[in-house]
Participant: 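Let me begin by handing over the structure; questions about it come next.
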Amino acid sequence: MIAEHPVIQILIPLLGAPLCVLTGRGVLAYWLALACSLASLFVATRLLATVMATGPIVYELGGWAAPWGIEYRIGPLNSFVLLLVALLGAMVMLAAKKSVESEIPGDRRHFFYAAMLLCQTGLLGITITGDAFNVFVFLEIAALSSYVLIAMGHQRRALYASYQYLIMGTIGSTFILISIGLLYQMTGTLNMADLAARLPAVGDTRTVLVSFAFFMVGVSLKMALFPLHMWLPNAYTYAPSIVSAFLASTATKVAVYVMIRFLFSIYGPAFAFDRIGVSQILGSLALVGIVIMSAAAIFQNNVKRLLAYSSVAQIGYIVLGISFASENGLTGGIVHLFNHGLMKGALFLVVAAVVYRVGSSDLNAFRGLGRAMPVTMFLFVLGGLGMIGVPLTVGFISKWYLILAAIETGHWLAVALVLLSSLLAVIYVWRVVEFAYFQPRDRDSDPVGEAPLSMLVPTAILVLATIVFGINTEWTVGVARAAAVFLLGGHA
Amino acid sequence: MSNLHPALVFFAGALLVAMLRGRAQALVALLVPIVSAWSAFQLTAGTEITLSIFDYELMPFRVDRLSLLFNYLFHIAAFLALLFAWEAGDRLQRVSGLLYAGSALLAVFAGDLITLFVAWELLAVTSVFLIWARGTERANRSGMRYLIVQILSGVILLAGAILHLRETGSLAFNEIGIATLGGKLILLALGIKAAFPFLHSWLVDAYPEATPVGTVFLSSFTTKVAVYALARGFAGEPILVIVGGAMAAFPIFFAVIENDLRRVLGYSMINQIGFMVVGVGIGTDLALNGAVAHAFNDVLFKGVLMMSMGAVLYRVGHVNGSDLGGLYKSMPFTTVFCCVGAASISAFPLFSGFVSKSMVVAAVLHEHHIVVWMILLFASAGVFHHAGIKIPFFAFFSHDSGLRVKEAPKSMLFAMGIGAVLCIGIGCFPQFLYARLPWPVDYVPYTGTHVLTQMQILFFSALAFTWLKLTHLYPPELRAVHLDIDWLYRRALPATARGVAMVAERVRLFGAGLALSFVSGLQQAGRHHLGPDGIFGRTWATGSIAVWVAILLVIYLIFEYGA
Amino acid sequence: MMSENRPNEKQYWFDQPKNVKLILRGLYVTCAGLFLADFFYHRHVDEPMEKIFGFYGIYGFVSCVILVLAAKEMRKLLIRKDDYYDSAEDGMPGGNAGGNPGGSKSGGDAP
Amino acid sequence: MRHHSILRAVTKFFLPYILLFGLYTQFHGDYGPGGGFQAGVIFAAAIVLYGLIFTPRIARKVIPYRAVYIFMSLGILLYAGVGVATLFMGGNYLDYNALNHHHPVHGQHLGILLVELGVGITVAAVVICIYYAFADRLES
């Protein structure tokens, strides 16, 4: 049965989405979506276990062998990302019920869950496929459903945020499509492995160079790499809280995965890093982004927005790791991709809980919550420590490898800026802590209670994971290192 | 024989204390150091536990004579602080105090730089709550500054450790030296925690803002861990002799004019650390023994002094020298204990400071560092002046301020009393301390010459104080703030930033063209451009994002063709 | 050192000026004794400077006087009002950008 | 549009042919030009035309929202269901050969027919749904 797992991974949410629509109003849609997410997580876990035990899995759709047919090819890297998406999907879905009931009108909830599942389908599909065009298709599935999800936010500005995301996302997808089209023109194939084999022969042509430029810009838009991040803060701020939690922890990470995959397994490090020297552009954008966006996060008055800016900064860390193109750098980037997903998911779930109880994600809404919602805020503090990179949390592990890689390659400026941004992270996390613990609640506001258990448990699981993986790094770093070695060695 | 890491006992104890309330909480908190001591005092030098992580061999637990000495010290200090906290403490302070003491133990048993770094950051994160527990706006801000500086020290230590690893291939925490860049960075990190000159302002900024209990904890651990680390990593670095001399001398000037008596103690703490740093810098067995022995004694007598000031703060609500006086009438026991602490820090014969400080001074004399020796003599006189006389005089004697308060709670008196007894005990029977010093001891503190010269210095200092006081040459205590190096980042930097912004605004009004664009560039870097209305914070028009897309595409294309 | 405004209160030992005088006299006598002890006791010396008669006493006295007078001069330069920093921090229009140590304050500033 | 009698008459006349052409495109798709995407759009065009001429309100009586949603979902389920069926019959996902072990070519026929039908249903439903969404906005 494990042989069929790759396609089952995609089928579960794909079939779940229309079924959710069919169930109509009522809570059935939620339980169905939850069941699908949990099943999806189970499959992802088995896939990762199998890949780590026996090596890559290949699955041919429709029985057509690659390069004619579409194949799903699962190695250490994408099984790791699959697990991240499925895990966050499941945890967010566990927490979703109450939050969705308070934020989404009753006649739209089943559509909401269908869109969530479709988004998950898209993200999982991007990750799992071994076909460049198929990446684009799933990219569009994920993107279209996330536009819908963001537009469901209850403020009117959600529509504008969604519209802007739609324009930017479409430009990004189109650029990627143009790039894939140019590659197809030069090589006549869409299969990634086949592309990698044929590209070196035509690597010096303008067509390939232009395709590379289009790809890099398109994917930078998708993953909100500074300075193409401007769609992200609004999208995360005005989306329903649950959607913010899911997208912030997975969507941009999957885009980063696409970049890693194209850079290392299609264009190849020799072309991308040695011939073009993309490190310089990526590295400098990442560094500027890390510092400016961390600083921008400090001055935000809405916690969702604050976290959104911090996300852009954290994307910078991942990209910085990739730009080193060394084993440690790539390991750091990949492990941070996973770790940051955990941390941001947890933090946004905390915000979702606050929005559920207090009705706002404004900093002022956090006043006095340290007393009113002690467990929730404690989880926020723990998650925040991870963002800072305090030892014994996952954030430290990622930064450790990034700094190690930066020192190895002699990028002293990068070392200094990464350390500086840790200080900035202290400040922006502190701002929330200060409001929650050191500012009294307004007297005339209604008393609030602890977040419901259904939201606390998944948040606590994620926070616990950030600490467990911060102490026992064997597993996460092991997988990330395997992926890094695979990427560097496979096609170098 | 035991292999249990005492830090674990403290961490577990903190967890337990966090769940209890009332008297049970205070009692369990008090039991933690006792329980831990029961196993920790059985540790024997040579125990090592290694661990493989990150592809490196780490040694989170290494016991030798140096770490054992600090192990004993920290257990005693934690016990005294928690006893002191019996009445005045709360859950937050007990838990963070226990975690803080545990982190200090983690640090002294760290056999590698990574464990040291972890402990280093834990020390910062756990202790800041002792400042914040005060609950005032000033304490909040001061705590934040403290945290930033401490975390900064941590990241510098980490950077240094990584460099050290690259340069020497080892993460072991032994002799490091300042030959390499990594070593220099590590020294800088230790220097921040040890309050080297110009890096010291966090100490005098934060310690007086903490709670009465908090300052007792704070004064016991952070700087002593730093001294420990210096003794282990940088013994015999000549630069430390100079740094230590400066440390011993400059704070006493500030201490003389400072009004907040706990801040006075903060300055005198830097002064005492100066002696230890000189000892480490000399690096002979005698000097190193003197340094660590003095660290040991400093925790005790500084603890007694901080506790007595804490008791005053607890009863009176402030410790401003200008508004105190005559308290000996209502707090007689506190007065006595404070005087014992003052005598110890001033190194009166038969008090603990005498038996350890003199080791450092003697070592300096042996090595013929005449200038440093004179500075240390000056510092000895000075410390008697500001800590030995000024603290008890202005708090308990001086003119009667009319304050009539209750004597300190019994638990506080017990804590101070035990500390005072230990001070006198070590002063009278130094062999108990000497037997536990890490290096072989061949030193006799009580010689005629030594006792006589010390008495001469001290009594003539007192004579000077009396004379100055009677002739009204002595500066009165004033309710005022005195600038220190933290002025640079608390006022000068913001003011400069404001000045730049203001000048920029002027130029913007007058100028055009190049000046304009330059200034607007400056302004963009300014604060409100990052906020919700700023260039990086506000919502961008969709079109302008698209322009960026185009720009980036062009950059990529140019870059590729250039390559 | 008298608390005239509290006539009914118990008189403490230091409230009596004669006791204070006693203490001071004791101090003078001890100092004189210690100073003269240099005549009778042959100190063990390491440095030539130490041989000077009454070196330690003189050094202690002079250094303390210098210390206090220097500190007094220093105070003129350094003294500021009690609420110097408090007013400064509130007066700042929204703090300054993070990145320098002063950025720590933006953590404390409520927007 | 109530007074445009000519348009109303012509529309009534054309509608069956448009629908029929849609079905032709659908089921002829595996032999000639056509297929689910095109067929769905053509089919939906008939409904859109009907709605334009006879007001969306009446069009919604013919095909109510609920039906649109159900068809939308059913289309995907049919498409994915064929794939699942091939899985259960021992092939890879969407391996039509597995549908008929004796005559793989027949299996191919059946598979492509069903999959295209699924695509057609979903596309038609989605296009109608988009039209409704816009029309509702105008009306309200």
Participant: Do you know which of D/Leu87, D/Leu74, D/Val84 has the most heavy-atom pairs under 4.5 Å to chain A?
Facilitator: D/Leu87
Participant: With a 6.0 Å cut-off on ring centres, are A/Phe111 and D/Tyr69 close enough?
Facilitator: yes
Participant: May I ask you to name which of D/Ser73, D/Gly91, D/Gly75, D/Gly111 has the most heavy-atom pairs under 4.5 Å with chain A?
Facilitator: D/Ser73
Participant: Would you say OH of D/Tyr65 has more than 12 non-hydrogen atoms from neighbouring residues, nucleotides or ligands within 6.0 angstrom?
Facilitator: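 Enclosed.
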Participant: Give the intermediate values and the outcome of side chain to side chain donor-acceptor pair (under 3.5 Å) for residues A/Ser173 and A/Glu140.
Facilitator: CA-CA 7 Å; A/Ser173 314; A/Glu140 282 298 273; 2.7 Å; yes
Participant: Can you tell me which portion of A/Leu22 sits under 4.5 Å from chain D's heavy atoms? Options are side chain, backbone, both or neither.
Facilitator: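 It is both, since atoms from each part get that close.
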Participant: Do other residues, nucleotides or ligands put more than 12 heavy atoms under 6.0 Å from D/Tyr24 OH?
Facilitator: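 At most 12 heavy atoms, drawn from other residues, nucleotides or ligands, come within 6.0 Å of this atom.
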